[in-house]
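For reference, the structure is listed below as structure tokens.
As the structure is a computational prediction, the values presented were derived from the model and not from experiment.
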Amino acid sequence: MLYRTVPKTGDKLSALGFGCMRLPQKGRSVDEERAIRQIRHAIESGVNYIDTAPVYHFGKSEQVLAKALAGGYREKVRIATKLPHWEVFEREDMDRILNGQLAILQTDHIDYYLLHSLAGKSFQIMKDLGVLEFLDSAKKDGRIIHAGFSSHGSLEDFKMIVDAYAWDFCQIQYNYLDEKIQAGTEGLKYAAAKGLAVMIMEPLRGGNLAGRIPGSVEKIWAESTVKRSPAEWGLRWVWDHPEVTVVLSGMNDEAHIDENIRVAGEALPGSLTPDEQALIDRVRDEYRRLMKVGCTGCGYCMPCPAGVDIPGVFSSYNAHALFPHDPAGKFQYIGRHGGLMGEKTAAGLCRQCGKCEKACPQHLPIPALMKEVSHEMEGMMDIAVPVMKGGLWCINWVKRFILGEKSHA
């Protein structure tokens, strides 16, 4: 296993982190025995950074991780988990949620604590509620060691958040299809230049760049004289960037875990040859040719007067079109744009004003495309979001009851 250094602290973190968002399933629940075995195998193979969150597996992820880290494994790793801003309504909620996580994870501290999925508006709300003072307080009393944030927002919002606090680290979505989506390459370099460790999520687009890939893409990979799986190509591309600290993989298959661990022991920054880089560029171009919307993520269409995250919506729509077999596609769209984990930024908000179309360098018919996206991605969304929010509320109520916490509701 190769390790990379957190600039501000000197921590040596495994290049590969274990993401607990997609643990193995048994029926509709987590296969706890298998998940625990997988997590412990990864730790024994050198992985020392494990990422979870209250929302993953509707609260089950943190519970399973706690079981996996029993028996001496906790001392071998750094735990990363997150504060869900959509569950915070007053300053006291922050302490209540963190204390509950400490109890669930059966630990007295969180090594890497993130504000989950921030964008401009949600960060401002959290600031007004006192979240920066909360982070200072939790660091001072030892409940958290390092403070960071994750973001699926725009590059502009990302830079603003980076500059707003003395963060130790951040977490962004990054892969060879998303160089200009969300924070992208510019955001990666910006954060690293400020001394932040950068943790990467979705390096394989939720496994879609490694699973059932289009035949035309397979043909390009097959041309290489170096034989690698699509997963290895994708991971090596991310690890090739020296600004990257940890690459998180949502590993739930034993063979995939072993492959990722092997590659994580070989993929040094700057190790891809020019020919290999060119091959990946051709694969990226082929994926983009297959996409429904030729959006480059430049952001000239933003901000939208109606509040639509236009580049983000198109990115989710293209992902759904490219990987229709992935049942998580629409769920992720609802989570990121439907108002489940923050403000609503979905295509259905479009007022057809046409401002975006005039600004688009690609001359895309954005208002017409918004109607198409809304029709394809937002069916039942107005029902699904309240139901999911209700489910999360019930889970939180049960956790409070079990932990003996007093509700402020």
Checklist entry - Which class fits the ring pair F149 and F158: parallel under 30°, tilted 30 to 60°, perpendicular over 60°? => result tilted

Checklist entry - Closest heavy-atom contact between M377 and S316? => result CE-O, 4.1 Å

Checklist entry - With sequence neighbours left out, what residues match E286 under side-chain hydrogen bond (donor to acceptor under 3.5 Å, both in side chains)? => result S216, R289

Checklist entry - So, do F169 and Y113 have ring centers that fall under 6.0 Å from each other? => result no

Next on the checklist: How about CD on E254, more than 12 heavy atoms from neighbouring residues, nucleotides or ligands closer than 6.0 Å, or not?
Outcome noted: yes

Checklist entry - Any idea which heavy atoms bring V238 and P203 closest together, and the distance? => result CG2-CB, 4.1 Å

Item to check | Student check: side-chain heavy atoms of M199 and D51 closer than 4.5 Å | outcome: no

Item to check | Close side-chain approach of I110 and L102, heavy atoms under 4.5 Å | outcome: yes

Item to check | N260 CG to M1 CE distance, which is reported to the nearest 0.5 Å | outcome: 9.0 Å

Checklist entry - So with a 6.0 Å cut-off around CD of E156, is the heavy-atom count from everything else above 12? => result no

Checklist entry - Would E223 and K219 pass as an ion pair if we require N to O under 4.0 Å? => result no

Checklist entry - Hey, do the aromatic rings of H241 and Y174 have their centres closer than 6.0 Å? => result yes

Checklist entry - Going through the distances and angles, do E186 and K180 end up as a salt bridge (Lys or Arg N to Asp or Glu O under 4.0 Å)? => result CA-CA 8 Å; E186 186 174 342; K180 297 181 180 179; over 6 Å; no

Item to check | 4.5 Å side-chain heavy-atom contact, I79 and L105 | outcome: yes

Checklist outcome for this item: Applying side-chain hydrogen bond (donor to acceptor under 3.5 Å, both in side chains) to R205 and not counting sequence neighbours gives D178

Checklist entry - Under 3.5 Å, is there a donor-acceptor pair linking the side chains of Q124 and D128? => result yes

Item to check | Heavy-atom side-chain contact between F314 and I366 under 4.5 Å | outcome: yes

Item to check | Value rounded to 0.5 Å, distance of SG in C304 from CE in M370 | outcome: 7.5 Å

Item to check | Nearest atoms (heavy-atom pairs only) where G142 meets H109 | outcome: O-CB, 3.2 Å

Checklist entry - Could you give the distance from CG (L272) to CH2 (W239), rounded to the nearest 0.5 Å? => result 12.0 Å

Item to check | salt bridge (Lys or Arg N to Asp or Glu O under 4.0 Å) between E133 and R91, intermediate numbers included | outcome: CA-CA 9 Å; E133 293 77 14; R91 171 64 177 80; over 6 Å; no

Item to check | Side chain proximity check, I310 to M302, heavy atoms < 4.5 angstrom | outcome: yes

Checklist outcome for this item: When every non-hydrogen atom of L349 is compared with those of T345, the smallest separation belongs to CD1-CA, 4.0 Å

Next on the checklist: Any carboxylate oxygen within less than 4.0 angstrom of a Lys/Arg side-chain nitrogen, looking at E32 and K26?
Outcome noted: no

Checklist entry - Under 4.5 Å between any side-chain heavy atoms of E357 and H363, yes or no? => result no

Checklist entry - Would you say K227 has more than 12 foreign heavy atoms packed within less than 6.0 Å of its NZ? => result yes

Next on the checklist: Would you say the ring centers of W167 and H146 fall short of 6.0 Å from each other?
Outcome noted: no

Checklist entry - Is there a donor in the side chain of R236 and an acceptor in the side chain of S271, or the other way round, less than 3.5 Å apart? => result no

Checklist entry - If you measure only the distance, is there a donor-acceptor pair under 3.5 Å linking the side chains of H41 and D258? => result yes

Next on the checklist: Given H57, which partner from the list Q63, R22, E62, Q25 fulfils the side-chain hydrogen bond (donor to acceptor under 3.5 Å, both in side chains) test?
Outcome noted: Q25

Checklist entry - Side chains of S61 and T52: do they bring a donor and an acceptor to under 3.5 Å? => result yes

Item to check | Test of ring centre spacing under 6.0 Å for Y112 and Y49 | outcome: yes

Item to check | Side-chain donor or acceptor of E378 paired with backbone N/O of A347 under 3.5 Å | outcome: yes

Item to check | Nearest atoms (heavy-atom pairs only) where V198 meets L188 | outcome: CG1-CD1, 3.6 Å

Item to check | K121/E343 ion pair, N-O < 4.0 Å | outcome: no

Checklist entry - Hey, is NZ on K8 packed in by over 12 heavy atoms from elsewhere, all under 6.0 Å? => result yes

Item to check | Distance, nearest 0.5 Å, that separates CG of L204 from CE of M251 | outcome: 11.0 Å

Checklist entry - What's the verdict on salt bridge (Lys or Arg N to Asp or Glu O under 4.0 Å) for R336 and E202, showing C-alpha distance, side-chain angles and the deciding distance? => result CA-CA 14 Å; R336 293 174 187 174; E202 306 290 358; 3.7 Å; yes

Checklist outcome for this item: Closest non-hydrogen atoms of V6 and A197, given as atom of the first, atom of the second and distance, are CG1-CB, 3.8 Å

Next on the checklist: If you define the side chain from C-beta out and look only at heavy atoms, does anything of D157 sit under 4.5 Å from F123?
Outcome noted: no

Next on the checklist: Nearest 0.5 angstrom please: Y317 OH to L369 CG, how far?
Outcome noted: 7.5 Å

Next on the checklist: Are I43 and I50 packed together at the side-chain level, in the sense that at least one heavy-atom pair is separated by less than 4.5 angstrom?
Outcome noted: yes

Next on the checklist: If only side-chain N and O atoms count, and only distance matters, is there a donor-acceptor pair under 3.5 Å linking S229 with E259?
Outcome noted: yes

Checklist entry - Roughly how far, to the nearest 0.5 Å, is CZ of F134 from CD1 of I97? => result 8.0 Å

Checklist entry - Below 4.0 angstrom, N of the basic side chain to O of the carboxylate: do D285 and R282 qualify? => result no

Checklist entry - Y190 ring centre to K159 NZ or CZ under 6.0 Å, with the angle to the axis within 45°? => result yes

Checklist entry - Under 4.0 Å between a Lys/Arg side-chain N and an Asp/Glu carboxylate O for E243 and K194? => result no

Checklist entry - With respect to R143, which candidate in D95, D108, D111 satisfies the salt bridge (Lys or Arg N to Asp or Glu O under 4.0 Å) definition? => result D95

